[in-house]
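Single-structure report; data block below.
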Amino acid sequence: MPVDNRPPAKKMKFSPGGGFTNGVPVFQKLQQIRRNLPIFSAKRKLIEELRRLDTAIVIGETGSGKTTQLPQYIFEERLHKNMIIAITQPRRVAAITVAQRVAQERGSEPGHVVGHCVRFEDMTSEKTRIKYMTDGMLLREAILDPLLKRYSFVILDEAHERTIHTDVLFGVVKQAQKRRKLRNLLPLKIIIMSATMDVDHFSQFFNKAPVLYLEGRQFPVQVYYSREPQSDYVFAAVVALFQIHREEPADQDVLIFLTGQEEIDSVVRSIHEIAKGMVGDAPPLVVWPLYAALPSHLQLKAFNPAPKGTRKVIVATNIAETSITIHGISFVIDTGVVKAKIFTPRSGLDLLKVVKLSKAQALQRSGRAGREAAGTCYRLYTEEEFQHFPDNTIPEIQRCNLSSVALQLLAMGITDIVNFDFMDKPSTESLIGAVHQLHTLGAVIKENTIKLTATGKRMAAFPLDPKLSKTLLIALELHCLEEVLTIVSMLSVDSVLFTPQRKREEALAVRQKFVSSDGDHITLLNIYKAYKGVKGNKEWCHENFINGRNMSKAMDVRKQLRQICDSQTLAVKSCGQDTSIIRRCLAAGLFMNAAELQREGDVYISLTTREPVHIHPSSALFRCKPACVVYNELVKTSKCYMRDLSVVDPDWLYEAAPAYFKRKKPSKK
DNA sequence: TGGGTGAAC
């Protein structure tokens, strides 16, 4: 998550054990706050149950205090047997901020008894017993230690979000618990914490584990449905906003949920237009867009309180559903739609589609109006439409390419992936497809069982898509790891190009100096080099329409990948100016993502699926028509688009994977 | 000539 959105007013500085506010020691004050949380009255009962049970499901609404308090109760009662209590979170920022808060409550320094561990930031020590971490981090650790021997408790928090990592962890911790019991090791206690969703489902999966309910502290939200179905949700959202604006007090802010960047920018513009033309006594409006691709300084605008007598309107994607909390929202306008990525295992294709919400998601959105006071939610769909929404969002694990997950499971020693104990099993087709892809990359061999090769083991060490980790290993052989590390890092963060619609021409012109006729990969390499040359200067980023946040993330990723190379003693060498060797690597790693220009001129055909594909308009090669390309990913919107491409020689593809292309019969020149 | 919801190792 890009920004720290806590309001400065609540960001009191606490010093461990000391410090005073209004004459009351801070530590005492915090203990008082702890005792006032809804969970406190259930403390005795919870401890008793957790002492007795191996696995428990804890259900608590927002504000119950379960995330901060439950681990402390376990610690205070010494249930953890002086081992570590892990608490996983789907998001980095949550893991970091909650850990800091709990450290304050315990009057200890962050990183001592209470610590956090997220990618790029390990704030733990040998003293740490309460460890907040991302779910992906615990999964990484499970590769090195599938029995999770350092932990006596694993608490999977926000389980209802069903991130791909949490879903894999369900099976991993269940297996670890069972195997520890069989080997007479110290028991592993498992706690699943969730909002009120999927309760029975969780319980069933964990051998009918008991469910403990906690009271929450959420303000009531009045929900209104549209009387008629709306054909144009964008228009309806604007109408609803101005209805609120005319009738409600100015200090009550509005949050509108829409689907994407372009839609949001255009709605922000039309709200401005309409507000300008308004006569009468409606208060002034400030309107801010909010989506992940927005540079940080623009995102931060949404958090500033509006001037007195002014209404603030935030027009956001689902980033405001869970990831970012905006304070002071009284009204939510929910359009009932979201843009979602859907993976089709057969063609290996990501579809980006506007789809209906689930009931759970709609509830989450309306809840955003009741964080600090009673609020109102306008749903721009009828109650009957709502009844037809699916109950829950399809878990991520059923919507994603699983090659990375399959590699991780294999690295943990789990060979029978198709029969792995998933809470909601992905389709067999997509599991087999994932293993097949690993096989094609040389990461596994199929004998009686599926086994990781030496290459596969090396690949699993990298937090990357297997295609990209393979590309790194090829770069090692071809002595251009220096460059390919950079390219792979740039590919594994969100786009570093920021192209505002109104300054499109300017952005493209000023970035032209980075563009390489070899394609996007070399262009990304040029951008990274230039960025390093100016030492990550913010103004430079701004002038060149480069997203500084994502650039600095790419740099962090590169540093991490570099460390993994060093720890595996892989020599990081440079190829100097010879970009053809880099493209040779890319061809050898991405051969499954290759396409050829058809003789008739415009259209490319994917060598894997034989489907027509197109060069994405954001590509450096958009106006060029090279005969043969490899690409990083395929996205279907209005057409099938290849993103992040490089020009390659068809011979390189054949040389890299002769068996693969023998079957596919490429049209050799 | 057309578009990139959101997280994470």
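Here is how names work: the chains are called A, B, and so on, in the same order as the sequence lines, proteins then strands, and each is numbered from 1.
Considering only side-chain atoms of A/Ser323, the nucleotide from B/dG2, B/dG6, B/dT5 that sits closest is B/dG6. The side chain of A/Gln408 approaches B/dC9 more closely than any other nucleotide in the set B/dA7, B/dC9, B/dT1. Of the candidate nucleotides B/dG6, B/dA8, B/dT5, B/dG6 has the atom lying nearest to any side-chain atom of A/Ala292. Picking from B/dA7, B/dT5, B/dA8 the nucleotide with the shortest atom distance to the side chain of A/Lys341 gives B/dT5.
When each of A/Phe462 and A/Asn318 is assigned the nucleotide of DNA chain B with its nearest heavy atom, A/Asn318 is the one assigned upstream, toward the 5' end. Mapping A/Val338 and A/Ser404 onto DNA chain B by nearest heavy atom places A/Val338 at the nucleotide closer to the 5' end.
The ring pair (Phe, Tyr, Trp, His ring centres under 6.0 Å) search around A/Phe386 returns A/Tyr225, A/Phe389, not counting sequence neighbours. Every side-chain contact (heavy atoms from CB on, under 4.5 Å) that A/Gln408 has, sequence neighbours left out, goes to A/Leu139, A/Arg140, A/Ile143. In this view, A/Asn547 satisfies the side chain to side chain donor-acceptor pair (under 3.5 Å) rule with no residue, not counting sequence neighbours. Remark: A/Tyr604 engages no residue in a ring pair (Phe, Tyr, Trp, His ring centres under 6.0 Å) (not counting sequence neighbours). Checked against ring pair (Phe, Tyr, Trp, His ring centres under 6.0 Å), A/Tyr528 has no partners two or more places apart in sequence or in another chain.
The nearest whole Å value for the distance from the CD1 atom in A/Ile394 to the C1' atom in B/dG6 is 16 Å. We find that CD1 of A/Ile397 is positioned 20 Å from P of B/dA7, with the value rounded to whole Å. Protein atom CG of A/Leu497 is 19 Å distant from nucleotide atom P of B/dG2, rounded to whole Å. Between the P atom of B/dA7 and the OH atom of A/Tyr291 lies a distance of 14 Å, rounded to the nearest Å. Across the protein-nucleic acid pair, A/Ile96 atom CD1 and B/dA8 atom C1' stand 12 Å apart, rounded to whole Å. Separating the OH atom of A/Tyr641 from the P atom of B/dG2 is a distance of 5 Å, rounded to the nearest angstrom. Regarding A/Glu262, its CD atom lies at a distance of 9 Å from the C1' atom of B/dG2, rounded to whole Å. The distance from atom CZ of A/Phe257 to atom P of B/dT5 is 15 Å, rounded to the nearest whole Å.
A ring-centre distance under 6.0 Å is found for A/His616 and A/Tyr641.
Within the 4.0 angstrom heavy-atom criterion, no nucleotide atom of any strand lies near A/Val354. Across all strands shown, A/Lys639 has heavy atoms under 4.0 Å from sugar-phosphate atoms exclusively, and none from any base. Backbone-only engagement by A/His616 is indicated by non-hydrogen atom pairs under 4.0 Å involving sugar-phosphate atoms exclusively. The residue A/Ser618 sits apart from the nucleic acid: no heavy atom pair falls under 4.0 Å.
Side chain A/Glu396 to base B/dG6: a donor-acceptor pair is found below 3.5 Å. One can find a donor-acceptor pair under 3.5 Å joining the base of B/dG2 and the side-chain atoms of A/Arg504.
The heavy-atom pair separating A/Arg379 from A/Ser366 by the smallest distance is NH2-OG, 3.3 Å.
A close approach under 4.0 Å does occur between a side-chain nitrogen or oxygen of A/Thr317 and OP1 or OP2 of B/dG6.
A heavy atom closer than 4.0 Å to some atom of DNA chain B occurs in A/Thr134, A/Gly136, A/Met137, A/Arg140, these being the qualifying members of residues 131-145 of chain A.
The residue from A/Arg399, A/Arg162, A/Lys174 that alone fulfils the salt bridge (charged side-chain N to carboxylate O under 4.0 Å, His left out) condition with A/Asp167 is A/Arg162.
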